[in-house]
Amino acid sequence: MSKALRHFLDLNEIPTKELRNMLELSLAMKAKLKAQKNGGAKTKKPLEGKTLAMIFEKPSTRTRVSFDVGMRQLGGESIMLTGAEMQLGRGETIADTARVLSRYVDAIMIRILNHDALLELAAHATVPVINGLTRRSHPCQVMADLMTFEEHRGPITGRTVAWSGDDNNVLASWAHAAERFKFTLNVATPPQLAPNKAMKDWIKATQAPIVLGNDPESAVRGADCVVTDTWFSMGDKDGEHRHNLLKPYQVNAKLMSLARPDALFMHCLPAHRGDEVTDEVIDGPQSVVFDEAENRLHAQKGILAWCFDAVA
Ligand code: CP
Ligand code: NVA
């Protein structure tokens, strides 16, 4: 019997132990890469001969480059595709695209807004599929964020993370992480931009340690980490209205001062400075945003090694 495919679609679908192994592997590979750069032993190439297809329906800097470089460092290769250049853009179905690509490549990473399209791809692919961001979630990002938190502050279990902003894909993956790793997630969103019923039902059903609310000050008070994201995710339209609703949720020095004095500030980037975060905070001593960006590379490698069941 063939082994089940290891799709990386959402954090809440993967056992905590396996997520933990991915994080440990990412940290170990990061250390080995740094040692190699300082003249130490060469890192392993467990994905030699493997090819990753990367499909981007939307722009990307970090996800695209970190997956590409990650594949190269692990000995494999990647192919960059955009929906517009593929027959997908002319109406070929996701299911047929999945069947065809599976005959050529060893894994598929996709950034596509429609989460159901991601699920459809995974259902019809015979190789692992990785969620490189949908409207619903961004699990690769939060793996890098968990790694970053733990590098700076130790185990995240039992700690408190605060979110100030709108409900979006990054928040959903933070919520999934809170449920898996048992840390408190205090969420402050405008009532009009709050998590939907499906998310609320999931929190209730799983008893995830997540507190939903509308007040940024009470969400942030005493937190170990404050997280925000752009007020305009890819696909969002209602510009000025959103802007006005979200103004009180800006992470500035005053809001940060309510968190623990050693609290970290996180943002997945790209940032819209002056909107969701001030320069003072994102460039300040509590900000670890570029560590998060760097860790996308190492986290991606942990995810790839898991998908391929490779010993790295
Ligand atoms: N954080 C993130 O996913 O960045 P990109 O959109 O540049 O990939
Ligand atoms: N929430 C953002 C994340 C970008 C990496 C978006 O979906 O555009």
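Order of appearance sets the numbers: ligands from 1, and atoms from 1 within every ligand.
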Could you list, one pair per line, each nitrogen or oxygen of ligand 1 together with any protein nitrogen or oxygen closer than 3.5 Å, giving atom names and the distance rounded to 0.1 Å?
| from | atom 1 | to | atom 2 | distance (Å) |
| --- | --- | --- | --- | --- |
| ligand 1 | 1 (N) | Gln141 | OE1 | 2.9 |
| ligand 1 | 1 (N) | Cys268 | O | 3.0 |
| ligand 1 | 1 (N) | Leu269 | O | 2.9 |
| ligand 1 | 1 (N) | Arg296 | NH1 | 3.4 |
| ligand 1 | 3 (O) | Thr63 | OG1 | 3.1 |
| ligand 1 | 3 (O) | Arg111 | NH2 | 3.1 |
| ligand 1 | 3 (O) | His138 | NE2 | 2.8 |
| ligand 1 | 3 (O) | Arg296 | NH1 | 3.0 |
| ligand 1 | 4 (O) | Arg62 | NE | 2.8 |
| ligand 1 | 6 (O) | Arg111 | NH1 | 2.8 |
| ligand 1 | 7 (O) | Thr61 | N | 2.7 |
| ligand 1 | 7 (O) | Arg62 | N | 2.8 |
| ligand 1 | 7 (O) | Arg62 | NE | 3.1 |
| ligand 1 | 7 (O) | Arg62 | NH2 | 3.1 |
| ligand 1 | 8 (O) | Ser60 | OG | 2.6 |
| ligand 1 | 8 (O) | Arg62 | N | 3.4 |
| ligand 1 | 8 (O) | Thr63 | N | 2.8 |
| ligand 1 | 8 (O) | Thr63 | OG1 | 2.7 |
| ligand 1 | 8 (O) | Arg111 | NH2 | 3.2 |

Output yes when [X] and [Y] qualify as a salt bridge under the 4.0 Å nitrogen-oxygen rule, no when they do not.
X      : Y      : answer
Lys204 : Asp201 : no
Asp145 : Arg296 : no
Lys50  : Glu77  : no

Just distances here: any N/O of Ser233 and N/O of ligand 2 closer than 3.5 Å? yes
Centroid separation His272 to Trp231 less than 6.0 Å: no
Answer yes or no: is there a side-chain heavy-atom contact under 4.5 Å between Leu246 and Asp166? yes
Is Ser137 close to Asn131 at the side-chain level, that is, under 4.5 Å between some pair of heavy atoms? yes
Nearest non-hydrogen contact to atom 4 (C) of ligand 2 from the set Thr230, Leu113, Leu133 belongs to Leu133
Out of Thr61, Leu269, Asp236, Asp229, who gets a non-hydrogen atom closest to atom 3 (C) of ligand 2? Asp229
I'd like to know if the side chain of Ser173 reaches the main chain of Val170, judged simply by a donor and an acceptor atom lying under 3.5 Å from each other, with no hydrogens or angles considered. no
Could you work out, with side chain to side chain donor-acceptor pair (under 3.5 Å) as the rule, every residue matching Asp224, not counting sequence neighbours? Arg159, Arg260
For Asn169, take its heavy atoms, then give the atoms of ligand 2 lying under 4.0 Å from any of them. 1 (N), 2 (C), 6 (C), 7 (O)
Considering only protein heavy atoms, which is closest to atom 8 (O) of ligand 2, and at what distance to one decimal place? Met234 N, 2.8 Å
